[in-house]
Amino acid sequence: MISLSVLGVELAYWQVTSLRVLGVLLAVVLPAGAFVYLFLFKMMSFMQSRLGPMEAGPFGSMQLLAEVGKFLQKEDIVPERADRRLFFIAPYIVLASTFLLFSVMPFGPDVYFTNLDTGIFLALGLSSVSVIGILIAGWASANKYSLIGGIRAAGQLIAYELPMVLAVVGVVIQAGTLNLQGIVAAQHQGEIFGFSGIGNPFLLTQFVAFGVFLVATQAELTQTPFDMPVAESEIVTGYMTEYSGLRFLLFFIGEFATAGAFAALAATLFLGGWALPFVSLDDNAMNFIGPLVLFAKILMVGFLIFWARFTFPRFREDQLQAFAWKYLIPIALINILVTMILKVAF
Amino acid sequence: MAEDTATASAEAPEIVVDERREELRAVFVAHLGDAVLDSVIKPGDGLWIRVATDAWAEAGRVAQDKADCKYFDFLSAIDWLPSPYGRYEDSALDVPFPPPMPERSAAVPGYAGGESRLQVLASVAKTGTDLRVLLKVDVPDDDPRLATWIRTYAGAAWHERETHEMFGISFDGNADMRNLYLPSEFEGYPLRKEFPLLARVVKPWPGIIDVEPMPGDDEPSEGEGTEE
Amino acid sequence: MTLTDAQQLGYINAQAADGRVNVELETDDGMVLNMGPQHPATHGTLRLVARLDGEQVTSADVMCGYMHRGYEKLCEVRSYPQVTTLVNRIDWLGSFANEVPFILAAEQLMEVEAPPRAQWIRTLLFELSRIANVSLFIGDLALQLGAQTPAFYAFRDREFVLNQIESVTGGRFHPNFDRIGGLKDDLPKGWIAETKAAMVRLRAFCDEMEGLVYGNEIFQSRTRGVGVIPAAIAQSYGLSGANLRGSGVDWDLRRDANVGLVYDQLDWKVWTHPDGDSYSRCWVRLQEVREATKIVDQICDGLPSGAIMAKVPRIIKVPAGEAYIATENPLGQMGYYVVSKGDTGPFRVKIRSASFNNISIAPWLLRGVYVPDIITILASLYFILGDIDR
Amino acid sequence: MVAQNVFFYLLAGIILFSAFRVVTSNNVVHAALYLVAVLAAVAAEYVLLAAEFVAATQVLVYIGAIIVLFLFGIMLTRAKLGSDQDLTHPHWALSAATAVVMFGVMGYALVDQFHWTATPLPADTRLVSVDGSNSATVSDSVFTAYLVPFEVVSVLLLAALVGAIVLARKD
């Protein structure tokens with residue numbers, strides 16, 4: 001209801017609800033599609049001195065649709081000894097977690113689905129739900145590679161939940177709120193030594209947290225160098241091994257949509273969210289520009305995520321755990337400490 | 001081809017005696033004594049030594065410890081019996097299947113002689129040099145078994161497995177005699193000469209119908225490759 | 001022919017039964033993980049059965065034979081010139097190098113020597129196949145460890161070498177170019193300059209890989225100290241090539257037992273690494289690519305003129321005798337033990353391929369490592385299925 | 001408030017059904033997943049009661065951590081596909097009786113406290129105000145009135161953590 005006040009019309013509840021459903025679909029699919037086309041197809045290809053898809057549409061831009069069409073046509077194979085019901089449910093759980101992540105994301109002063117006091121807290125909680133989907137997928141496939149992949153994923157996601165939360169705590173302390181809108185506002189209205197042109201994006205003060213958050217994001221998304229749950233040269237795409245057709249597509253969309261969601265979180269927490277630096281427009285204008293600004297920032301963060309993905313080899317499982325517990329968590333804790341001291345001092 | 005030690009230099013008088021290989025052979029003779037049945041040296045190229053069947057394991061130990069040939073190269077076998085199928089160059093219609101086995105006496109061993117039809121051949125080498133010993137041993141016809149080398153050369157395990165499945169030679173002490181290549185139910189020993197090459201039996205070789213001309217063969221002058 | 005049909009049927013049935021042997025999901029002590037015969041890490045059809053305790057391997061068994069083509073048997077019914085076609089397919093990434101030792105063994109038995117120019121070009125092509133083979137290894141190694149991009153760089157730059165091989169031999173993968181007594185053809189026009197340009201690219205590729213892959217800290221932490229082979233073990237298993245030199249054994253047949261090739265007239269270096277771990281094996285291979293580009297450059301500069309074919313009879317009959325020639329191939333030592341009985345074809349050929357020995361150490365080496373290290377170790381041992389199974 | 005009532009009963013039904021299936025399911029993993037459904041539905045009930053902080057905590061702690069660890073442990077140790085026959089404990093009747101007694105005690109306590117009176121919801125259930133939000137209220141009470149219990153619980157958790165490490169380490 002609130003999100004629609006900008007148009008100056010009162011809509012019925014069901015109309016608002018259906019608009020929201022449309023909006024969240026757009027919010028999930030658009031970054032996911034953009035990531036796949038821009039980064040997976042094109043950027044990766046250029047980095048690897050090749051062109052990437054070129055046939056479907058101008059510069060292969062329709063390749064994505066072709067891929068979706070291909071997956072929809074494929075047979076949906078279920079292994080004989082699989083737990084059929086759980087096998088079917090698993091991708092939806094992963095996808096649901098991704099969709100729910102966007103429910104707390106602010107896209108503009110009035111453009112959001114919900115504006116909860118505990119927005120970031122809920123987002124982190126919801127992101128951990130996807131682990132269950134992955135575990136179920138790994139277990140229900142009745143495949144050892146899948147099981148290993150699922151267990152690796154669970155261990156990894158649990159381990160990296162912690163540095164991620166701790167990295168966010170620094171931001172929360174500085175902003176003084178758990179509300180994502182409040183965090184955006186704190187960055188937008190803040191100033192650096194009296195200069196308020198670009199506000200105070202927490203990237204500048206919380207760069208350590210940003211680094212930890214990005215690394216943890218990389219791990220949460222199971223992207224290289226933390227992709228051992230889906231390592232194709234070891235355990236043959238892990239928990240996704242037995243999936244095909246539509247259900248594989250759901251996992252695939254889930255992977256990139258979650259990348260989009262985490263990039264959006266990072267953009268909101270550290271890059272100022274939907275707010276535009278240097279200019280100060282009224283709320284109504286920002287309601288339209290804000291989503292685009294956020295989208296641009298999502299692409300920036302996505303670029304970093306995928307750049308690392310295409311460059312690095314992957315860690316080993318124990319090295320990954322050691323990295324989380326020995327480096328990331330202490331660094332994040334020190335960051336919290338320093339932030340607290342500075343917060344109290346100034 | 002069996003040459004005696006004494007005649008090796010006489011056979012090739014224009015080449016000087018290969019002292020390094022002579023020394024290497026002397027090590028084997030010194031430690032194995034009469035078990036060294038025969039040996040051949042091709043100067044500058046190779047050393048073949050045939051040892052007695054029951055001295056096979058000892059020969060491995062001598063090679064490793066005394067002769068300092070720590071490098072295990074390969075282990076295989078040779079079936080000296082001529083193939084009853086010939087070279088499959090004739091049309092299958094002319095040859096009865098299966099053809100009669102050749103006489104046992106038709107098995108003529110190569111370098112360093114030998115009495116048995118099957119001979120095991122192993123190569124060990126001295127790293128950092130071109131010195132290499134090709135050890136041969138006769139395997140009894142009626143009971144093809146031999147001592148294993150895996151306690152001296154760990155790498156021999158797979159080679160003995162391969163030799164077992166290809167020639168039917170057992171190696172005492174090597175417990176792992178599973179087939180390496182072939183299905184476990186496979187019958188017969190493919191590299192023995194009596195084993196038919198099934199592909200050629202099913203579809204006979206058309207014979208040598210085209211011979212590629214050598215470069216310059218059709219030119220009157222000696223063929224020279226020229227970079228244009 | 002009823003016997004043959006029955007035999008064939010039995011063979012097929014037995015093979016199918018073997019294929020059906022699949023490991024059950026639950027086992028009593030630990031989990032049995034069956035990798036292969038279709039698994040990306042085995043690049044081919046190798047099967048690895050690992051018994052796991054958690055992510056740790058308690059024992060591992062390698063099963064090969066899915067690509068066994070019976071070359072030793074086939075060689076017995078081929079004439080000498082025909083054998084090169086077969087042996088091309090053993091190590092299919094460095095095909096020309098497979099032909100050389102066999103041809104040299106046959107030449108030794110016939111007491112024929114190739115003219116100098118042929119020897120030089122042989123050495124040249126030999127090193128080019130080494131570069132084509134090992135540069136792909138470097139890319140593939142990175143791919144096995146999860147980095148996608150270096151593989152594409154490897155394919156990109158290897159293409160230059162393949163082009164050069166193709167323009168001489170007419171075949172990118174299976175040249176079948178070596179002949180008893182020399183070579184089939186001479187080099188085409190302008191080839192020398194192109195090759196030297198390609199070598200410059202390859203050296204740049206090596207530098208790039210050294211920075212992108214070998215210098216990467218994740219790569220180092222994945223490979224250093226993983227799969228350590230002491231020198232004595234390496235020798236008793238008969239490892240060869242970079243696997244042996246990576247364990248600090250300074251032995252290269254090109255330098256120490258050079259037969260029929262011109263390495264003794266060139267200025268190059270044998271690289272060794274004392275550590276014996278996965279990293280050292282990979283590092284030695286990278287240096288060998290570098291060294292090979294230098295060798296190629298030197299050969300391009302010093303190529304003598306003259307004939308490329310010695311006088312050999314039209315139908316080749318090799319005198320009776322035995323010869324064993326091994327050369328330092330891209331994968332390691334490759335040797336042919338040729339027994340001749342004075343016929344048009346060999347009486348028995350024992351193919352001593354490098355990968356067979358190299359992979360036979362895997363059960364020893366994989367004990368106690370973690371599942372991801374299986375990949376590292378297999379990749380660093382660098383085998384080619386055709387070279388194991390022959 | 002009709003919609004809220006409808007959703008309350010819907011969620012309550014899900015909770016009851018899933019809770020029943022948790023104890024009757026023949027497969028450990030299925031049972032754990034029904035537990036997820038119970039906890040998720042409880043979280044949804046919290047949201048319905050405008051307590052989104054508690055709901056988020058419920059999701060983060062119970063679903064995101066505890067159940068994942070459950071599943072993790074089950075799959076590492078006895079991840080059998082298909083149904084198990086020996087899952088029913090011989091003393092299940094005793095456990096059921098205990099559960100009924102527990103339910104009775106809790107129900108009695110609630111009834112005794114509130115006497116079947118409906119507590120009215122706040123007039124405005126929209127959760128927009130940053131200041132004076134209920135999460136702020138929660139944190140205020142945790143760090144003032146309930147500071148000592150809060151810290152004691154932390155120490156207890158720390159002790160449990162240390163104990164777990166001591167038990168898990170072999171050397």
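Order of the sequence lines sets the chain letters (A, B, ...), proteins ahead of strands, with each chain counted from 1. Reckoned from all heavy atoms, side chains included, excluding hydrogens, waters and symmetry mates.
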**Q** Side chain, backbone, both or neither: which part of Ala157(B) has a non-hydrogen atom closer than 4.5 Å to chain C?
**A**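 Nothing of Ala157(B), per the 4.5 Å heavy-atom cut-off to chain C.
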**Q** Below 4.5 Å from any heavy atom of chain B, which atoms of Asp343(C) appear? Answer side chain, backbone, both or neither.
**A**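 Contact with chain B involves the side chain of Asp343(C) alone.
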**Q** Quick check on Arg151(B): does its CZ atom have over 12 non-hydrogen neighbours (other residues, nucleotides or ligands) under 6.0 Å away?
**A**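 Atom CZ in Arg151(B) is not packed in, count stays at 12 or less.
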**Q** Side chain from CB out, backbone as N, CA, C, O: work out which of these in Ala326(C) comes under 4.5 Å of a heavy atom of chain B, or both, or neither.
**A**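 Interface part for Ala326(C): side chain.
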**Q** Could you give me the CA-CA distance, side-chain angles and deciding distance for Leu134(B) and Tyr337(C), then say whether side-chain contact (heavy atoms from CB on, under 4.5 Å) is met?
**A** CA-CA 10 Å; Leu134(B) 287 150; Tyr337(C) 191 87; 3.8 Å; yes
**Q** Most heavy-atom pairs under 4.5 angstrom with chain C, which of Trp80(B), Phe72(B), Tyr153(B), Tyr71(B)?
**A**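 Ranked by contacts with chain C, first place is Tyr71(B).
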**Q** Please determine if Glu322(C) and Lys42(B) form a salt bridge, counting it only when a charged side-chain N lies under 4.0 Å from a carboxylate O.
**A**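 Judged by the 4.0 Å cut-off on N to carboxylate O distance, Glu322(C) and Lys42(B) do not form a salt bridge.
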**Q** Against chain C, label Trp48(B) side chain, backbone, both or neither, depending on which of its atoms sit under 4.5 Å from a heavy atom there.
**A**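 For Trp48(B), the side chain is the part near chain C, not the backbone.
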**Q** For the OH atom of Tyr181(B) and the CZ atom of Arg69(C), what is their distance to the nearest 0.5 Å?
**A**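 Nearest 0.5 Å value for the OH-CZ distance: 10.0 Å.
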**Q** Checking Val259(C) against chain B: side chain, backbone, both or neither under 4.5 Å from a heavy atom?
**A**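 Contact with chain B involves no heavy atom of Val259(C) at all.
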**Q** So do the side chains of Pro82(B) and Lys341(C) get within less than 4.5 Å of each other, counting heavy atoms only?
**A**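 Not touching, per the 4.5 Å side-chain cut-off.
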**Q** Is Leu239(C) close to chain B through its backbone or its side chain, or both, or neither, when contacts mean heavy atoms under 4.5 Å?
**A**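 Contact with chain B: backbone only.
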**Q** Mind telling me whether Phe356(C) and His159(B) have parallel, tilted or perpendicular rings, with 30° and 60° as the class edges?
**A**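 Taking Phe356(C) first and then His159(B), their aromatic rings stand perpendicular (interplane angle over 60°).
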**Q** For the interface with chain B, which of Ile121(C), Asp250(C), Val62(C) has the highest count of heavy-atom pairs at distances below 4.5 Å?
**A**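 Highest number of pairs under 4.5 Å: Val62(C).
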**Q** With a 4.5 angstrom heavy-atom cut-off, is it the side chain or the backbone of Leu244(C) that approaches chain B, or both, or neither?
**A**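 When you check distances to chain B, only side chain atoms of Leu244(C) fall under 4.5 Å.
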**Q** Which distance, rounded to the nearest 0.5 Å, do you find between the CH2 of Trp251(C) and the CG of Asp130(B)?
**A**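 Separation between the atoms: 9.5 Å.
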**Q** Begin with the C-alpha distance, continue with both residues' side-chain angles, and end with the deciding distance and a verdict on side-chain contact (heavy atoms from CB on, under 4.5 Å) for Glu76(C) and Leu191(B).
**A** CA-CA 10 Å; Glu76(C) 291 175 10; Leu191(B) 278 182; 4.2 Å; yes
**Q** Report the option among Asn179(B), Leu131(B), Asp45(B) that has the most heavy-atom pairs separated by less than 4.5 Å from atoms of chain C.
**A**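 Most heavy-atom pairs within the cutoff with chain C belong to Asp45(B).
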**Q** With rounding to the nearest 0.5 Å, note down the distance linking CG in Asp256(C) to CZ in Arg132(B).
**A**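 If we round to the nearest 0.5 Å, Asp256(C):CG and Arg132(B):CZ are 11.0 Å apart.
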**Q** Taking side chain as everything from C-beta outward and backbone as N, CA, C, O, which of these in Asp389(C) sits under 4.5 Å from a heavy atom of chain B? Side chain, backbone, both or neither.
**A**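 Looking at Asp389(C), backbone and side chain both touch chain B.
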**Q** Is it the side chain or the backbone of Ser240(C) that comes within 4.5 Å of chain B heavy atoms, both, or neither?
**A**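 When you check distances to chain B, atoms from both the backbone and side chain of Ser240(C) fall under 4.5 Å.
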**Q** Is it the backbone or the side chain of Asn358(C) that comes under 4.5 Å from a heavy atom of chain B, or both, or neither?
**A**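 Neither part.
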**Q** Drop me the distance from Trp158(B)'s CH2 to Cys64(C)'s SG, to the nearest 0.5 angstrom.
**A**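 Output value for this atom pair is 4.5 Å.
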**Q** Can you tell which part of Thr127(B) gets under 4.5 Å to a heavy atom of chain C, answering side chain, backbone, both or neither?
**A**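 Both parts, heavy atoms under 4.5 Å.
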**Q** Quick one: CD on Glu72(C) to OG on Ser76(B), what's the gap to the nearest 0.5 Å?
**A**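 Going from CD on Glu72(C) over to OG on Ser76(B), the span is 5.5 Å.
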**Q** For Ile150(B), is it the side chain, the backbone, both or neither that has a heavy atom under 4.5 Å from a heavy atom of chain C?
**A**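 Neither part.
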**Q** How far apart are the C-alpha atoms of Lys73(C) and Met166(B), what are their side-chain angles, what is the distance that settles it, and do they pass the side-chain contact (heavy atoms from CB on, under 4.5 Å) test?
**A** CA-CA 10 Å; Lys73(C) 186 81 176 173; Met166(B) 290 298 170; over 6 Å; no
